[in-house]
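Starting from 1, each residue takes its place in the sequence as its number. First listed ligand is number 1; within each ligand, the first listed atom is number 1. Owing to the predicted nature of the structure, the values given are computational and were not obtained by experimental measurement.
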Amino acid sequence: MALSQQQLKNLAAEFGTPLYVYDAEHITAQYKKLTDAFAQTDTKFFYACKALTNINILKHINSIGCNVDCSSVNEVKLAFLAGFEPKRILYTSNGIHFSEIEEAQNLGVHINIDSLSNLEKFGQKFGHSYPVGLRLRPNIMGGGNLKVSTGHDQSKFGIPVDQLDQILDVVSKYNLHIQNLHIHTGSDIKDVDVFVKGIEVLFDIIPSFKKLESIDLGGGFKVPYQDGDGETDMPLLAKKVNEAFSNHPNPNGKHLQVWFEPGKFLVSGAGYLLTEVNVIKENPNTTFVGINSGLNHLIRPMFYDAYHKIENISNPTGEEKSYAVTGYICETDTFAWDRKLNEVKEGDLLVFYNAGAYGFEMSSNFNSRQKPAEVLVKDDKVQLIRRRDEFEDLLKNQIID
Ligand code: LLP
């Protein structure tokens, strides 16, 4: 299933490093896990494309029948370029200027509104004419760490459910057609009961929305980052969702479709970051492995203390030793402390796993370094899907007298 070390070595030789590599087959297999698990439930999946927006990835997502969730109008435009029709695009806004919602409305996509202020403006401008969704804050703690937890009672995301009266005032003032109720409690959620709690919160308020067609439970499914780590149990989640619906038959007398917005679940394990060792530095207690990458290419370890499995594919059977793997940025950009790797030498290739979600997408040009190239492996074919940045790219938009 996964790409082999030999395949990765060949790709590094062909395209150079640092290099992001994506395996289309993995994305397809993950999507199938979702659709198989929810075969008995009326469900729609929208890929949260903020995880990885390369247009070729979006085209692949489209080709397997998955819909797309966007967090900006620019992502909506990318989805159009990838061939998605408006009704297969969801735009879940957060903290944005109303003009962006107007743009999304004009493009004809599904919209989730996340503030009373924008809901009011939407009502004034469009009234009943355009069905719309509400992004709610369910006051539930979910997710792997506080930085990626978005549904709790101190979170900026969504309209707090306890403001239901105010929501209903706006809805009735403008006779709004509320089509969808959305929540997203966080990322890295292994415990399926977090989703069930979310459904319970929604069931309490569903009767107030007579024209509702769907409930949207957001994304956040966990993927395994290290050996022994689990993944959100999809068949169990599907079972619990179905049970929740049978415990609350027809809360407002209408059939409701269930929507999800998986990001990581679809693309995390599909991605690899290939890097090369620049320098080895010995310290009394630590051996530093300095690679040709850094927080400018993969910020998750520094930003979230995220664990990424690393392998030395140049010496896979070498003696295991302990290393600190560090980047080449003028900041402390440590990928891993005290990490066991097969003996590392300068020039060796190190591969980072689970680099598909929020890897390239959160990269930057910090220290005026170029972003890596991206390659897609699909149907045994290899396609360069983004050229490596060149020096001139750093000057783009700079005004030079
Ligand atoms: N839907 C909404 C409204 C979201 O805000 C997100 C992610 C998703 C869906 C997809 O969540 P996922 O299935 O990928 O967990 N950069 C962090 C994760 C932050 C996610 C932000 N929102 C990381 O690398 O762990």
Side-chain angles (χ1 to χ4, degrees), residues 27 30-31 33-34 44-53 57 61 66-72 75-76 79 89-96 104 110-115 133-138 140 142-152 155-159 180-192 194-195 198 215-226 229 231-232 234 237 258-271 273 295 297-308 335 352-364:
I27 300 175
Q30 290 296 98
Y31 182 58
K33 276 189 200 167
L34 296 175
K44 258 193 193 165
F45 297 97
F46 295 80
Y47 164 56
C49 73
K50 73 194 68 159
L52 177 61
T53 52
I57 298 293
I61 293 278
C66 185
N67 308 289
V68 66
D69 172 53
C70 302
S71 57
S72 70
E75 285 184 357
V76 172
I89 302 176
L90 173 61
Y91 168 55
T92 301
S93 66
N94 154 54
I96 46 100
H110 297 290
I111 301 172
N112 286 328
I113 294 184
D114 102 318
S115 68
L134 292 179
R135 179 173 189 169
L136 299 168
R137 195 190 73 197
I140 292 171
N145 64 67
L146 200 55
K147 275 198 181 130
V148 298
S149 184
T150 49
H152 57 82
S155 160
K156 68 163 183 169
F157 295 96
I159 310 174
N180 181 40
L181 293 181
H182 162 106
I183 54 171
H184 170 76
T185 53
S187 200
D188 291 328
I189 307 170
K190 190 166 171 214
D191 177 8
V192 296
V194 171
F195 293 94
I215 59 165
D216 177 352
L217 300 176
F221 303 143
K222 176 156 176 52
V223 294
Y225 280 100
Q226 44 187 314
D229 238 5
E231 184 172 88
T232 310
M234 286 307 154
L237 176 61
V258 183
W259 292 3
F260 289 104
E261 302 162 359
K264 266 179 201 177
F265 192 80
L266 292 175
V267 297
S268 174
L273 174 61
L295 64 80
H297 296 159
L298 181 64
I299 201 172
R300 300 192 72 259
M302 303 87 193
F303 201 44
Y304 310 110
D305 289 325
Y307 183 99
H308 281 261
F335 288 103
F352 288 73
Y353 291 87
N354 282 101
Y358 310 106
F360 185 92
E361 207 56 34
M362 293 178 79
S363 66
S364 73

Show the protein residues that qualify under the rule heavy atom under 4.0 Å from an atom of ligand 1, listing them in chain and number order. A48, K50, D69, T92, R135, V148, H182, H184, S187, G219, G220, E261, P262, G263, K264, R300, Y304, Y358, M362
Anything under 30° is parallel, anything over 60° is perpendicular, the rest tilted; go ahead and classify H308 against Y225.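 H308 vs Y225 ring planes: perpendicular.
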Is the F221 ring parallel, tilted or perpendicular to the F260 ring (thresholds 30°, 60°)?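 Tilted.
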Sequence neighbours left out, what passes salt bridge (charged side-chain N to carboxylate O under 4.0 Å, His left out) with K222? Give chain and number order. D229
Find the distance between OH (Y31) and SG (C66) and round it off to the nearest 0.5 Å.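 With rounding to 0.5 Å, OH (Y31) is 5.0 Å from SG (C66).
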SB check K190 E231 (cutoff 4.0 Å):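 No, K190 and E231 are not salt-bridged.
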Please determine if D216 and K44 form a salt bridge, counting it only when a charged side-chain N lies under 4.0 Å from a carboxylate O.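 Not counted as a salt bridge, because no side-chain N and carboxylate O are separated by less than 4.0 Å.
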